[in-house]
Amino acid sequence: MLSTEYRVLRGPEGYLPPAAASMGVVLPEKGSALVEGCIVPKEDAMELIADKLLSAKNPFFFPGPLVLWAWKDGVVEKAKAIKEMAEAAEAKIIPMPDYRPKYPMINPAIEINPNHPNLTIWHNKIDVCVFIGVHCHYANMALKIIRGGTECYTIALCGEAGHEDAMISLRDVRVEDLKRMTQIIMEKKGVGK
Amino acid sequence: MKKNIFQISPSFYDVMPAEYRELVENGPFEKKVGVSDLGAFKELSEEHPLCAGCGLALSLRLILASLPNPEDTIIVGSTGCSAIAFPQVAVQNIHSLFGNQNAIASGVKRALTLRFPDKIKDVVVIAGDGATVDIGLDMVMQSWFRQERITTIMLDNEAYANTGGQESGMSQEGAVLHMAPKGKTFPKVSLPELARASGCVYVAAVNPAKPKKLEKAIVRGVLAARELGPTYIQVFTPCPTNYKFKPNETIEKIKMRVKEGTYETTEFISAEAQELFARLEEGKK
Ligand SMILES: Cc1ncc(C[n+]2csc(CCOP(=O)(O)OP(=O)(O)O)c2C)c(N)n1
Ligand code: SF4
Ligand SMILES: [Mg+2]
């Protein structure tokens, strides 16, 4: 296990937490994942994600534009797999349809905005959240704000190289990975073995 | 861009906020709708925080409804009151550093032309009078000299409204504002004339008291910029907050100014634009 001094832990870490990358946290290689700033095997992280979701009081999925909008082949299937995983974990879903810093306000009961994600988390008392389909730069910004100002535990299921600023982050997440996690969740719940 | 890019993944349809579902189902994308259809389609702007009676807010609503291809339009804005409404606008838009809007728009247009040579992308600048005629005048005029194929729209409220009321080049001579207590000492700049002399192929000065005229100017301005060269549209958008009149008097103010001859509505169509419009009109028949 590769370790750095800095740990990406449940907040609130305080106003303006540093970008984890600037504190020495590095992204995992293919086949690995990040847990609280440390690199671990992907399968271990998947198990942990299932545990975190199942032990949460109020878990939420935050799908972003890359999966909310059917903009290219394969997205509809991925969206379906995400929905199934959220349902298995008994998590609710709040979308992040775009990144506009909406004035005068957003409705935190039904949407999340990357510029003030804390509002949605506070309003709905969310203790574990899953980012998926959010463009990387906006995901990192939002994850940092959440770590800075809330007690929410953050999980990023990234289709690209992963997120240092999430507490748990997978990389290269495909439909098969989502299905695998749904299966792990079901098994842990004692269903469909 | 085909409309199917706006489809929602079926699994998430139920959790999408209503405004997005309405945009997909009943938005103006790829439809021939305009100002006279307002009320019959989902508009491109949501609730915004601009003042009651704001001439700029009303004009922005009309401008958005007039865009010939909103799905393929990129708006470049600048700091000022309109910038506060843009986060609620469902058209790609970029907020640029105050005054830089025409330089940014030039770059965006050129990049899009290289990146999508087979597609039409309209780049439209929408900025205040301070951003256009004072601080950004260099960028504005240089983009015209260079014949950039962009549309420049000025929301002329004759003041720096967002910073509490300073005079701008577009304020009238003698105008008294919070931060111009002695009255402005030089006349309103005639940017339409400068635009014409600087190479704009189409120039118009319009106002929201005549929505159909405003719409026609926007459509012409965008289409001429698409095919020929730079265009300029100046929209008179009085500001009740800084000029201290009642919010329900905005349209009256406009009509009064037009009547007394202190705010001219004009239109200049170059010969090549004339030919283009005739061709497009012919094509419609
Ligand atoms: C580079 C820069 N200079 C100055 C400002 C301050 N500023 C913000 S809004 C504004 C006035 C905008 O006036 P105008 O363009 O007429 O827009 P309005 O608010 O009247 O719609 C100014 C000077 C700024 N934000 N950035
Ligand atoms: S200050 Fe004037 S221009 Fe700005 S929002 Fe208010 S009315 Fe509109
Ligand atoms: Mg102004």
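Order of the sequence lines sets the chain letters (A, B, ...), proteins ahead of strands, with each chain counted from 1.
For E46(B), no part lies under 4.5 angstrom from a heavy atom of chain A. Contact annotation for D14(B): only side-chain heavy atoms (C-beta onward) come within less than 4.5 Å of a heavy atom of chain A.
Minimum heavy-atom separation, P17(B) to E111(A): CG-CB, 4.0 Å. Residue R100(A) comes nearest to Q88(B) through the heavy atom pair NH1-C, 3.4 Å, listed as atom of the first residue, atom of the second, then distance.
By the 6.0 Å contact criterion, CD on E249(B) is enclosed, its count of non-hydrogen atoms from other residues, nucleotides or ligands being greater than 12. Within a 6.0 Å radius of CZ in R61(B), no more than 12 heavy atoms belonging to other residues, nucleotides or ligands are found. The number of heavy-atom neighbours closer than 6.0 Å to CD of E77(A), taken from other residues, nucleotides and ligands shown, is above 12. Counting heavy atoms of neighbouring residues, nucleotides and ligands inside a 6.0 Å radius, atom NZ of K189(A) exceeds 12 of them. Environment of NZ in K244(B): crowded, with over 12 heavy atoms of neighbouring residues, nucleotides or ligands closer than 6.0 Å. Annotation for E87(A): atom CD counts as buried by contact number, over 12 foreign heavy atoms lying within 6.0 Å. Atom CD of E22(B) has more than 12 neighbouring heavy atoms from other residues, nucleotides or ligands inside a 6.0 Å radius.
Here the straight-line distance linking atom OG of S11(B) with atom CD of E84(A) works out to 7.5 Å at 0.5 Å rounding. With rounding to the nearest 0.5 angstrom, the CZ atom of F61(A) is 9.0 Å from the CZ atom of F12(B).
Note on I82(A), V67(A), V76(A): by heavy-atom pairs under 4.5 Å with chain B, the leading option is V67(A). Chain B forms the most heavy-atom pairs under 4.5 Å with one residue out of K92(A), K72(A), K80(A), and that residue is K80(A). Ranked by non-hydrogen atom pairs under 4.5 Å with chain A, the options A85(B), P49(B), S9(B), A18(B) are led by S9(B).
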